[in-house]
Amino acid sequence: MQQSLFSNGELVSLPLADAKVQYLANWLDNKTATKLFDMFVNELDWSEGEIKLFGKMLKIPRLQAWYGDPDAHYQYSGTAMTPLPWNKELLILKQKCERLSGTAFNSVLANLYRDGVDSMGMHSDDEPELGQQPTIASVSLGETRNFDFKNKVTGEKFRLPLEHGSILIMSGETQRYWQHGIAKTKKTIMPRINFTFRNVKVLT
C-alpha cells in the first residue's frame with residue numbers, strides 16, 4: 001500500500017477479510033515518538049522471558065515487560081505475567097489509545113526488538129483472558145519493522161511496515177481468523193519498541 005494512504009491523519013482500514021484492522025502511520029509526531037522511545041528503552045523494566053514450545057522452555061527472541069492494573073494477570077505459551085505498576089508516560093499513552101479506539105485497557109505488553117534477529121512468531125492473541133473479540137492497540141516506536149498477517153483458513157498473506165510513531169488497532173474477529181508476527185531480517189537495523197495495549201479479564 002502507498003504511504004499516501006496513511007498521511008491524512010485518520011485511521012485507515014486494511015483490506016483483510018473477516019477482520020477489523022485500522023492503521024495510522026503518523027499518530028505521534030516524530031519529536032514526541034523519539035522522546036518516548038529514548039525514555040522507554042532506558043526506564044522500563046525489560047527482561048528476557050521464556051516460552052514453552054514443544055514441551056521445552058526457550059528464551060524469547062526479544063526483551064519484554066508487562067505493565068497494568070494490579071489484577072491484570074496474563075498467561076501465554078506457558079508464561080505467567082504479573083503486572084508492573086503503570087508509570088506516568090505509559091499511563092498517558094494508554095489513555096491516548098483509549099480515546100482513539102473507544103476501548104478501555106488495563107494492561108500493556110511491551111516488546112523491545114534489539115536488532116533484526118529479534119522477532120515474534122506467527123500467532124493470534126486469542127487467550128481466554130482477552131475475551132472472544134478483543135480490541136488491541138499496537139503502538140510502534142523506533143525502527144520500522146514488517147508486520148505480517150496470515151489468514152488461518154485461506155492462507156492469504158498481508159504485510160504492513162509499522163512505522164515510528166504509528167498505531168495499529170485490531171478488533172472484531174481479527175484474532176479468530178488471522179495470525180500475525182514480526183519476521184527476522186538479515187538487514188542491519190536499529191531497535192524498535194512495540195506496545196500492545198489490551199484489556200485482560202479476571203477469570204474465576
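All residue numbers refer to positions in the sequence shown, counting from 1.
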*asked:* Run the side-chain contact (heavy atoms from CB on, under 4.5 Å) test on I182 and D148 for me, step by step, so that the C-alpha distance in whole Å, both residues' side-chain angles and the decisive distance to 0.1 Å come before the verdict.
replied: CA-CA 6 Å; I182 302 285; D148 293 321; over 6 Å; no
Under 3.5 Å, is there a donor-acceptor pair between the side chain of [X] and the main chain of [Y]?
{"X": "E129", "Y": "V200", "result": "no"}
{"X": "K152", "Y": "Q175", "result": "yes"}
{"X": "D115", "Y": "D118", "result": "yes"}
{"X": "R62", "Y": "V117", "result": "no"}
{"X": "T154", "Y": "E156", "result": "yes"}
{"X": "W178", "Y": "A17", "result": "yes"}
{"X": "T174", "Y": "M170", "result": "no"}
{"X": "D29", "Y": "T32", "result": "yes"}
{"X": "H123", "Y": "G121", "result": "yes"}

*Crowding at CE, M39 (>12 non-hydrogen neighbours, <6.0 Å)*: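 Correct, the count exceeds 12.
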From [X] atom [atom1] to [Y] atom [atom2], the distance as rounded to the nearest 0.5 Å:
{"X": "E48", "Y": "I60", "atom1": "CD", "atom2": "CD1", "answer": "8.5 Å"}
{"X": "E10", "Y": "Y23", "atom1": "CD", "atom2": "OH", "answer": "15.5 Å"}
{"X": "L36", "Y": "I92", "atom1": "CG", "atom2": "CD1", "answer": "9.0 Å"}
{"X": "D45", "Y": "L63", "atom1": "CG", "atom2": "CG", "answer": "11.0 Å"}
{"X": "T103", "Y": "R99", "atom1": "OG1", "atom2": "CZ", "answer": "13.5 Å"}
{"X": "L93", "Y": "K88", "atom1": "CG", "atom2": "NZ", "answer": "14.0 Å"}

_Just by distance, no angles: are the side chains of T196 and R198 close enough, under 3.5 Å, to form a donor-acceptor pair?_
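There is such a pair between these side chains.
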*Looking at W86, does the NZ or CZ of K94 lie under 6.0 angstrom from its six-membered ring centre and within 45 degrees of the ring axis?*
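Output yes; distance and angle both within limits.
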Which atom of [X] lies closest to which atom of [Y], heavy atoms considered:
{"X": "P83", "Y": "P70", "value": "CG-O, 3.8 Å"}
{"X": "H180", "Y": "S124", "value": "CE1-CA, 4.3 Å"}
{"X": "N42", "Y": "D38", "value": "ND2-O, 2.8 Å"}
{"X": "N199", "Y": "F105", "value": "N-CD2, 4.0 Å"}
{"X": "R159", "Y": "A183", "value": "NH2-CB, 4.5 Å"}
{"X": "N111", "Y": "W46", "value": "C-CZ3, 3.8 Å"}

*Given C97 and F197, is the side-chain contact (heavy atoms from CB on, under 4.5 Å) satisfied, shown in steps?*
CA-CA 8 Å; C97 289; F197 292 89; 3.7 Å; yes
Side-chain donor-acceptor pairs under 3.5 Å in residues 130-140, sequence neighbours left out?
| unit_1 | atom_1 | unit_2 | atom_2 | d |
| --- | --- | --- | --- | --- |
| Q133 | NE2 | E173 | OE2 | 3.0 |
| S138 | OG | N194 | ND2 | 2.8 |
| S140 | OG | R192 | NH2 | 2.8 |
| S140 | OG | N194 | ND2 | 3.4 |

Which residues pass the ring pair (Phe, Tyr, Trp, His ring centres under 6.0 Å) test with [X], sequence neighbours left out?
{"X": "W66", "value": "Y74"}
{"X": "F195", "value": "F40"}
{"X": "Y67", "value": "none"}

Note, [X] side chain near [Y] side chain (heavy atom, < 4.5 Å):
{"X": "V21", "Y": "I169", "result": "no"}
{"X": "I189", "Y": "R145", "result": "yes"}
{"X": "Y113", "Y": "P191", "result": "no"}
{"X": "N26", "Y": "S166", "result": "no"}
{"X": "M122", "Y": "F149", "result": "no"}

*asked:* Count I, L, V, M, F, W, Y as connected when their side-chain heavy atoms are under 4.5 Å apart, and connections chain through other members. Are I193 and M190 then in the same cluster?
replied: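 As far as the 4.5 Å side-chain criterion goes, M190 and I193 are not connected within one cluster.
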_Path from V153 to L16 over hydrophobic side-chain contacts below 4.5 Å_ =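 V153 and L16: one cluster.
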*Listed by chain and number, what are the side chain to side chain contact (heavy atoms under 4.5 Å, CB included) partners of N30, not counting sequence neighbours?*
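Residues passing side chain to side chain contact (heavy atoms under 4.5 Å, CB included) with N30: T34, H164.
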*asked:* Which residues pass the side chain to side chain contact (heavy atoms under 4.5 Å, CB included) test with S119, not counting sequence neighbours?
replied: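 For S119 the side chain to side chain contact (heavy atoms under 4.5 Å, CB included) partners, ignoring immediate neighbours, are P61, K184.
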*asked:* Working note: V12 + L24, criterion side-chain contact (heavy atoms from CB on, under 4.5 Å); need CA distance, chi angles, decisive distance, verdict.
replied: CA-CA 6 Å; V12 174; L24 176 56; over 6 Å; no
_I'd like to know whether N151 forms a side-chain contact (heavy atoms from CB on, under 4.5 Å) with K157, so could you lay out the CA-CA distance, the side-chain angles of the two residues, the decisive distance to 0.1 Å, and finally the verdict._
CA-CA 7 Å; N151 190 285; K157 296 180 180 180; over 6 Å; no
